[in-house]
Amino acid sequence: MKQDMKRDVEQDVKPIGYWLNRTDQALTASMDSALVAFGLTRLGWQVLNAVRDDARATDAGLATALAVGDGTSALSATVAALLADGRLTRPRPDRLALTDDGRALLAEAARRMGAFRERSARGITREEYLTAVSVLERMTRNAEAGPER
């Protein structure tokens with residue numbers, strides 16, 4: 001009887017891929033909504049943060065740091081828009097840096113993102129959050145290792 005109940009529960013649980021996709025879509029939609037007042041999207045916010053955190057930021061480095069994979073055209077379009085808006089600059093042809101406007105925008109938007117983080121993590125303890133991140137990181141590394149031979 002116990003085994004049958006366990007099997008029924010497992011059959012009702014959606015696979016992790018379902019929740020990963022749904023979580024990513026929900027986070028993107030919610031972040032885009034929170035950032036629209038600043039003229040940013042989730043990806044734009046991520047680009048500004050990555051450039052702020054890397055004094056030697058490059059386009060290729062951003063693609064790796066943000067793990068955009070197939071989204072390189074979206075990343076290129078986002079970088080181009082941030083350059084055109086005066087949020088980023090190219091101190092050298094292969095480098096990116098925040099402008100003063102970019103730094104100010106990032107600081108202003110950070111307050112909104114703090115509230116977003118609190119709302120999206122409601123009911124989740126720090127330990128649960130760290131466990132989830134650790135599990136996802138290990139699962140990613142296992143999948144990236146490829147099939148065992």
Side-chain angles (χ1 to χ4, degrees), residues 8-147:
D8 289 343
V9 169
E10 287 175 355
Q11 289 174 351
D12 290 339
V13 173
K14 298 225 185 283
I16 195 163
Y18 169 87
W19 287 111
L20 287 171
N21 288 332
R22 189 153 170 210
T23 300
D24 187 57
Q25 290 169 4
L27 288 172
T28 297
S30 186
M31 288 179 77
D32 285 352
S33 177
L35 290 166
V36 72
F38 302 97
L40 290 173
T41 62
R42 177 185 184 188
L43 185 55
W45 167 254
Q46 291 170 322
V47 166
L48 291 177
N49 276 287
V51 171
R52 179 200 62 205
D53 293 343
D54 182 359
R56 299 166 38 106
T58 63
D59 296 88
L62 282 178
T64 301
L66 300 178
V68 295
D70 294 337
T72 53
S73 62
L75 178 60
S76 295
T78 298
V79 168
L82 291 168
L83 286 163
D85 290 347
R87 312 297 188 199
L88 290 178
T89 188
R90 288 196 182 276
R92 292 188 5 207
D94 62 336
R95 292 280 164 83
L96 293 162
L98 286 177
T99 63
D100 289 341
D101 285 347
R103 269 189 283 291
L105 179 70
L106 198 53
E108 192 178 327
R111 289 186 284 282
R112 176 83 47 97
M113 287 295 89
F116 164 80
R117 283 190 196 99
E118 284 181 29
R119 186 175 61 256
S120 64
R122 194 174 297 137
I124 301 169
T125 67
R126 176 149 176 76
E127 293 76 24
E128 288 172 322
Y129 178 85
L130 293 173
T131 297
V133 170
S134 175
V135 168
L136 291 172
E137 180 181 2
R138 283 180 280 153
M139 187 175 279
T140 300
R141 293 193 193 292
N142 291 343
E144 288 174 345

Give a yes or no on whether the backbone of R87 and the side-chain of D85 come within a donor-acceptor separation of less than 3.5 Å. no
Between side-chain atoms of residues 109-124 and protein atoms elsewhere (two or more places apart, or another chain), which donor-acceptor pairs fall under 3.5 Å?
| unit_1 | atom_1 | unit_2 | atom_2 | d |
| --- | --- | --- | --- | --- |
| R112 | NH1 | A34 | O | 2.9 |
| S120 | OG | F116 | O | 3.2 |
| S120 | OG | R117 | O | 3.2 |

What pairs with R141 under side chain to side chain contact (heavy atoms under 4.5 Å, CB included), at least two apart in sequence or on another chain? E137
Look only at the side chain of T78 and the backbone of A74, and say whether a donor-acceptor pair between them is shorter than 3.5 Å. yes
Sequence-distant partners of R92, salt bridge (Lys or Arg N to Asp or Glu O under 4.0 Å), two or more places apart: D94
R138 versus S134, side-chain donor and acceptor atoms under 3.5 Å: yes
Those residues that, when tested against T28, pass side chain to side chain contact (heavy atoms under 4.5 Å, CB included) (two or more places apart): D24, D32, R42
Can you name the side chain to side chain contact (heavy atoms under 4.5 Å, CB included) partners of L136, sequence neighbours left out? I16, L20
Nearest 0.5 Å please: distance from the CG atom of L40 over to the CG atom of L35. 5.5 Å
Using the side chain to side chain contact (heavy atoms under 4.5 Å, CB included) criterion, which residues pair with T125? Sequence neighbours excluded. E127, E128
List the residues meeting salt bridge (Lys or Arg N to Asp or Glu O under 4.0 Å) with D53, not counting sequence neighbours, and say none if there are none. none
Looking only at non-hydrogen atoms, find the nearest pair between T72 and A63 and report the distance. CG2-CB, 4.5 Å
Apply the test side-chain contact (heavy atoms from CB on, under 4.5 Å) to residues L88 and T99: give CA-CA distance (whole Å), side-chain angles for both, the deciding distance (0.1 Å), then the verdict. CA-CA 5 Å; L88 290 178; T99 63; 5.6 Å; no
Taking salt bridge (Lys or Arg N to Asp or Glu O under 4.0 Å) as the test, write out the residues that go with R95, two or more places apart. none
Salt bridge (Lys or Arg N to Asp or Glu O under 4.0 Å) filter on D59, not counting sequence neighbours, yields R90
I'd like a table of donor-acceptor pairs (distance under 3.5 Å, sequence neighbours excluded) in which one partner is a side-chain atom from residues 43-51, with atom names and distances.
| unit_1 | atom_1 | unit_2 | atom_2 | d |
| --- | --- | --- | --- | --- |
| N49 | OD1 | R52 | NH1 | 3.1 |
| N49 | OD1 | R52 | NH2 | 3.1 |
| N49 | ND2 | W45 | O | 2.9 |

